[in-house]
J.: 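Encoded as structure tokens, here's the structure I'll be asking about.
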Amino acid sequence: EDQVTQSPEALRLQEGESSSLNCSYTVSGLRGLFWYRQDPGKGPEFLFTLYSAGEEKEKERLKATLTKKESFLHITAPKPEDSATYLCAVQSGNTPLVFGKGTRLSVIA
Amino acid sequence: DGGITQSPKYLFRKEGQNVTLSCEQNLNHDAMYWYRQDPGQGLRLIYYSQIVNDFQKGDIAEGYSVSREKKESFPLTVTSAQKNPTAFYLCASTLKTSRAYNEQFFGPGTRLTVL
């Protein structure tokens, strides 16, 4: 059974304090790993797709990386507007995505 | 504008009532999904449909029903058999390509409260 574990559950950062969120996964044949951002009371917003180990993608202050066992979402010099819950999901074969429970990020000015 | 719409945004249900949540997409996506989100639980899959007139149960299908009569529409009915329906419901869709299924795009959600 595919499983996704995100850590930490919650993270509090000062503005400008860089850090990383972790997504560990076990799947039988990874087809893709997905990162989403979710603001309170809203639907998740797609950020990145990673398909193979060693792949990296960047968007503004966010950078996602992938190994054979985990993915990291690096946040460089975060701002208060980066505060949100970040969700990780994996896909194997033709099955639907399996989501982790998310990391709740708070960035304090 | 292409996207996914869900209605209503807020819905209140009395015990014993069935209610239907609407989900429409104009992205020409093949597959559509319904998730339930509770605090601290992440997203749990209720039902999904990969093609018109076909759908599959997800992890928590009991007490829910769906239909897929049109490619762009995937309504979810929360029946009286669902004992704890208060939650945030999210609809998503994805385009099927040679990579199987690509990233899912989500609607804005419907918050259902049982009175």
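First the proteins, then the strands, lettered A, B, ... as listed; each starts at 1.
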J.: With a 4.5 Å cut-off on side-chain heavy-atom distances among I, L, V, M, F, W and Y, is there a chain of contacts connecting A/Y25 to A/F72?
T.: no

J.: Considering only heavy atoms, give the residues of residues 41-48 of chain B separated from chain A by less than 4.5 Å, sorted numerically, with 'none' for an empty result.
T.: B/Q41, B/G42, B/L43, B/L45, B/Y48

J.: In this structure, are over 12 heavy atoms from other groups packed under 6.0 Å from A/E81 atom CD?
T.: yes

J.: Answer with side chain, backbone, both or neither: which region of A/E45 has an atom nearer than 4.5 Å to a non-hydrogen atom of chain B?
T.: neither

J.: Where along residues 80-90 of chain B does a heavy atom come under 4.5 Å of chain A, listed by residue number?
T.: B/F88, B/L90

J.: Find out if a path of hydrophobic residues (ILVMFWY) with successive side-chain heavy-atom gaps under 4.5 Å connects A/L73 to A/V4.
T.: yes

J.: For the NZ atom on A/K42, are there more than 12 heavy atoms of other groups (residues, nucleotides or ligands in this structure) within a distance under 6.0 Å?
T.: no

J.: Flag yes if B/F55 and B/Y35 sit in one hydrophobic cluster, no otherwise; membership is Ile, Leu, Val, Met, Phe, Trp, Tyr, and two members link when side-chain heavy atoms are under 4.5 Å apart.
T.: no

J.: Within a reach of under 6.0 Å around CD of B/E62, are more than 12 heavy atoms found that belong to other residues, nucleotides or ligands?
T.: no

J.: Is A/L66 linked to A/L62 within one hydrophobic cluster, defined over Ile, Leu, Val, Met, Phe, Trp and Tyr using a side-chain heavy-atom separation of less than 4.5 Å?
T.: yes

J.: Taking all non-hydrogen atoms of both residues, which atom of B/Q104 and which atom of A/Y36 are closest, and how far apart?
T.: O-OH, 2.7 Å

J.: Which one, B/A92, B/P108, B/G109, leads in non-hydrogen pairs under 4.5 Å with chain A?
T.: B/P108

J.: Check whether B/Q37 gets within reach of chain A through its side chain, its backbone, both or neither, counting any heavy atom under 4.5 Å.
T.: side chain

J.: Taking A/F34 as the starting point, is it possible to reach A/V90 by hopping between hydrophobic residues whose side chains are less than 4.5 Å apart?
T.: no

J.: Crowded around A/R61 CZ? As in, over 12 foreign heavy atoms under 6.0 Å?
T.: yes

J.: Any chance you could measure B/F106, atom CZ, to A/L87, atom CG, to the nearest 0.5 Å?
T.: 8.0 Å

J.: Kindly list each side-chain donor-acceptor pair under 3.5 angstrom involving residues 102-109 of chain A, sequence neighbours excluded, with atom names and distances?
T.:
unit_1	atom_1	unit_2	atom_2	d
A/T103	OG1	A/P8	O	2.6

J.: Just to verify, what does A/K63 make a salt bridge (Lys or Arg N to Asp or Glu O under 4.0 Å) with, not counting sequence neighbours?
T.: A/E56

J.: Heavy-atom count around A/K57 NZ within 6.0 Å, excluding the residue itself: above 12?
T.: yes

